[in-house]
Amino acid sequence: MGSYILNIGVLASGRGSNFQAIIDSIESGYLKARIVVLITDNPEAYALERAKRHGIPYLVIKPKEFSDKDSYYSHIAKELKARNVGLVVLAGFMRVVGRAIIKEFPNKIMNIHPALLPSFPGFHGQKQAVDYDVKISGCTVHFVDEGVDTGPIIIQSAVPVYHDDTEESLSERILKQEHKIFPFAIKLFSEGRISVEGRKVIVNADRDESVIINPKVG
Ligand code: GRF
């Protein structure tokens with residue numbers, strides 16, 4: 001006991017503010033895990049700067065260098081396996097990941113989505129919420145399956161949507177919650193407090209542990 005530490009592999013395509021929230025959670029001691037690699041499909045991703053700044057190894061792996069989706073994701077899975085990754089974290093990875101990686105990491109790939117799934121999957125979840133004029137939106141951490149944002153839901157956090165919200169103002173409100181619930185979900189995983197039965201995810205945590213709205217907690 002005591003010496004096990006979760007190895008995390010992060011996939012990100014852009015700004016990487018969720019990646020940063022995970023780094024900060026580890027550096028502050030909130031999350032006992034280590035990020036063993038950042039993989040990006042985008043050589044311009046600001047996430048790369050964050051990796052460099054924090055001494056995290058990184059790889060740029062571009063899909064156009066592979067013949068098809070299967071070989072792309074097999075290669076990424078191989079890189080992750082080579083580093084003994086126990087959890088793959090999609091932190092703004094702007095692609096629908098393929099079967100080749102999902103089968104290697106069943107219920108071991110987490111994604112954050114900026115809406116309350118199953119509402120508003122896919123791109124621009126915040127804009128979809130503003131356009132639909134829902135009164136509550138939020139974010140969802142879920143395990144990744146082969147669909148688009150359809151995998152088992154781990155935790156969600158809700159925020160109000162105001163009549164004068166824009167995509168930007170709602171995104172900003174949701175992002176603050178993303179930065180809380182993503183590290184929290186990873187922490188729960190790292191402590192073995194998440195179990196999955198089909199599409200049901202049972203989280204073993206105290207109800208007052210955070211702002212998270214999850215009827216299955218506790
Ligand atoms: C976040 O809104 C996340 O929910 C979505 O992509 C965005 C990534 O932002 N999947 P960042 O790169 O983590 O700042």
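As the structure is a prediction and not an experimental result, all values here were calculated from the model. Whatever order the structure lists them in is the order used to number ligands and atoms, beginning at 1. Note: hydrogens, waters and symmetry copies are ignored here, and every other heavy atom, side chains too, is used.
Of the listed options A21, G14, S171, G16, G16 places a heavy atom closest to atom 12 (O) of ligand 1.
At a 3.5 angstrom cut-off on N or O pairs, I112 counts as close to ligand 1. Considering backbone and side-chain atoms alike, H113 places every N or O at 3.5 Å or more from each N or O of ligand 1. For a threshold of 3.5 Å applied to N or O pairs, the pair formed by N111 and ligand 1 contains no separation below that value.
Figure legend: K127 and F120 shown without cation-pi pairing, the cationic atom not lying both under 6.0 angstrom from the six-membered ring centre and within 45 degrees of its axis.
Salt-bridge check for D145 with R199: failed, with every basic side-chain N at 4.0 Å or more from each acidic carboxylate O. Note on E79 versus R83: salt bridge recorded, some NZ/NE/NH1/NH2 to OD/OE distance being below 4.0 Å.
For atom 9 (O) of ligand 1, the closest non-hydrogen atom on the protein side is R15 NH2, 3.1 Å. Of the protein's non-hydrogen atoms, the one nearest atom 11 (P) of ligand 1 is S17 N, 3.4 Å. Atom 6 (O) of ligand 1 has its closest protein heavy atom at G92 CA, 3.7 Å. Of the protein's non-hydrogen atoms, the one nearest atom 1 (C) of ligand 1 is E178 OE1, 3.2 Å.
Using the six-membered ring where Trp is involved, F93 and Y73 have ring planes that are perpendicular, over 60° apart on the 30 and 60° scheme.
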Step-by-step side-chain contact (heavy atoms from CB on, under 4.5 Å) determination, S190 to L87: CA-CA 9 Å; S190 73; L87 179 69; over 6 Å; no
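Under the 3.5 Å distance criterion, the side-chain polar atoms of E167 are left unmatched by any main-chain donor or acceptor of V130.
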